[in-house]
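This is a predicted model, so every value here is computed, not measured. So you know, we letter chains A, B, ... as the sequences are listed, proteins then strands, and number each from 1.
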Protein chains: 2
Amino acid sequence: MLSEERRRNILELLQTEGRVLVGGLSKRFRTSLITIRKDLEFLHRQGQLERTHGGALPLRTGALHDRSLQEKERLHRHEKLRIAAAAVRMIRPGQVIILDSGTTTTAIARACRQFRSLTIITNATNVADELSGTSVEVILTGGTLRKNSFSLVGPLAEESLRRLSADLLFLAVDGFDVRYGLTTPNLLEARVNRAMAEAARRTIEPFPDHADIRGARNHYRP
Amino acid sequence: MLSEERRRNILELLQTEGRVLVGGLSKRFRTSLITIRKDLEFLHRQGQLERTHGGALPLRTGALHDRSLQEKERLHRHEKLRIAAAAVRMIRPGQVIILDSGTTTTAIARACRQFRSLTIITNATNVADELSGTSVEVILTGGTLRKNSFSLVGPLAEESLRRLSADLLFLAVDGFDVRYGLTTPNLLEARVNRAMAEAARRTIEPFPDHADIRGARNHYRP
DNA sequence: ACCAAGTTTCGATTTATTTCGAATTAATTG
DNA sequence: CAATTAATTCGAAATAAATCGAAACTTGGT
């Protein structure tokens with residue numbers, strides 16, 4: 001493994017896991033603690049992470065590194081990766097894909113970075129961020145940014161989807177938060193999802209096994 | 001095998017494999033390590049890959065980690081903060097503001113986080129990120145995400161702006177990059193800016209002193 | 001076909017970088 | 001303060017890179 005490669009991987013891990021440990025990295029990359037520490041020191045001097053005793057943390061900037069979201073990212077991580085891999089296999093170069101917002105679709109987006117010719121339409125700003133810098137063409141629907149979320153909803157989002165069309169839609173709603181129940185944001189999100197379904201020739205719902213799909217289906221599924 | 005041919009192959013391999021090793025390339029192309037190193041050095045000088053010890057990696061993608069952008073952020077930082085403070089003084093609670101994309105408007109957005117009642121319309125995803133988690137209402141225009149940038153452009157962006165109206169527009173174009181000149185993205189961006197100006201009752205152009213406003217005004221200013 | 005100028009490739013040597021272990025020093029926790 | 005854990009330092013070994021002169025190959029002209 002190249003040292004630069006390892007450093008990039010460390011940064012990526014830091015982004016997805018929220019933190020890294022010297023010991024953990026050492027085991028993962030089959031290298032010594034000293035080498036890992038050198039890497040962390042290097043990345044710290046580059047201003048790419050914050051060094052701590054025993055590991056490192058991401059720079060605390062912006063909502064992208066929000067704690068609760070990172071925890072959600074970790075949840076069922078393996079399953080999401082499995083779904084993402086399956087999703088990628090369904091995609092052909094040159095196609096136009098719609099991704100809704102959520103941690104599962106974020107994983108799908110991450111897996112799509114490799115594509116050379118692909119257009120992704122989404123209402124999730126974090127999905128757009130994941131794909132920035134790749135050769136994937138990203139179209140963001142407009143809309144109102146939901147609080148504590150990265151999704152765009154509202155009339156603007158729905159109307160922009162009416163002007164677009166796509167081959168595939170991945171709709172991976174994680175299920176609803178039972179504590180909050182059926183709130184207005186859910187409704188708005190559901191309307192956007194319906195607009196997405198109308199814009200796509202084919203809809204795929206790769207539900208994680210854990211998702212509470214009953215309530216979702218009964219009320220809002222497009 | 002021609003050297004140029006080999007170099008193209010190296011780049012292609014790099015894209016598909018994610019990395020290349022000097023030793024591996026040497027075996028694959030039946031040529032010496034020295035020759036491969038020359039190739040990698042050449043391609044590195046062309047800015048086509050990132051050289052590392054023992055091999056090479058693709059250029060670090062992801063606009064978030066883009067070096068040049070971070071440097072741009074730091075550039076004229078003090079002045080931008082001054083502009084941001086001045087901008088905030090012009091804003092009254094409850095108003096609707098439009099911010100275009102750029103480092104100066106990002107600074108303005110950051111300074112707006114304190115507002116309790118404010119709506120900000122923008123075509124810059126990083127501005128949206130800055131304001132997520134605040135009580136500011138954020139409306140993102142739709143559009144195509146520009147490469148190596150955070151701005152949304154294209155018909156979708158323009159149309160969504162036609163459906164909106166605002167009290168103030170802060171248009172803080174940093175000036176054009178003389179190296180690239182008048183490119184299509186500039187044009188698209190200029191069209192969005194014009195749509196913004198039409199949606200706003202009043203336009204404010206807090207140009208940093210260093211901005212090259214002549215070329216901008218002559219060609220594209222709305 | 002032939003030659004000469006220029007480029008590409010190469011091997012051997014020197015130089016630099018990376019990685020690591022062991023010992024020392026510093027920090028954290030109870 | 002003592003025990004534990006992490007960080008730093010130093011030197012050594014392995015690996016990769018740069019240098020340089022020579023050989024092989026292209027190219028363009030006669």
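For residues 9-38 of chain B, the salt bridge (Lys or Arg N to Asp or Glu O under 4.0 Å) pairs, not counting sequence neighbours, are A/E5-B/R19. For the side-chain hydrogen bond (donor to acceptor under 3.5 Å, both in side chains) condition, no pair includes a residue of residues 133-144 of chain B, sequence neighbours left out.
With sequence neighbours excluded, the residues satisfying side-chain hydrogen bond (donor to acceptor under 3.5 Å, both in side chains) with B/S32 are B/T35. Partners of A/S151 under the side-chain hydrogen bond (donor to acceptor under 3.5 Å, both in side chains) rule, at least two apart in sequence or in another chain, are A/S149, A/E189. Here B/R89 pairs with B/A85, B/A86 under the side chain to side chain contact (heavy atoms under 4.5 Å, CB included) rule; sequence neighbours left out. Applying the side chain to side chain contact (heavy atoms under 4.5 Å, CB included) rule to B/L43 yields the partners B/R7, B/I10, B/L11, B/Q48, B/L49; only residues at least two apart in sequence or on another chain are considered. Remark: B/A124 pairs with B/S101, B/T122, B/N126, B/V127 by the side chain to side chain contact (heavy atoms under 4.5 Å, CB included) rule, at least two apart or across chains. Taking the side chain to side chain contact (heavy atoms under 4.5 Å, CB included) definition, one finds that A/S26 meets it with A/L33, A/I36, sequence neighbours left out. Not counting sequence neighbours, A/N9 has no partner by the side-chain hydrogen bond (donor to acceptor under 3.5 Å, both in side chains) test.
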Could you list the protein-to-nucleotides 26-30 of chain C atom pairs, N/O on both sides, closer than 3.5 Å?
unit_1	atom_1	unit_2	atom_2	d
C/dA27	O3'	A/H53	NE2	3.3

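Atom-to-atom, CD of B/E4 to P of D/dT26 comes out at 17 Å; the value is rounded to the nearest Å. Protein atom CG of B/L21 is 9 Å distant from nucleotide atom P of D/dA16, rounded to whole Å.
The side chain of A/R6 contributes no N or O atom lying less than 4.0 Å from OP1 or OP2 of C/dT18.
Minimum interatomic distance between A/A109 and A/L131 (heavy atoms only, all atoms of both residues): O-CD2, 3.4 Å.
Contacts between residues 24-43 of chain A and DNA chain D, defined by a heavy-atom separation under 4.0 Å, are made by A/R37.
Between its two ends, the helix from C/dA1-D/dT30 to C/dG30-D/dC1 turns its axis by 50°, counting five pairs per end and rounding to 10 degrees.
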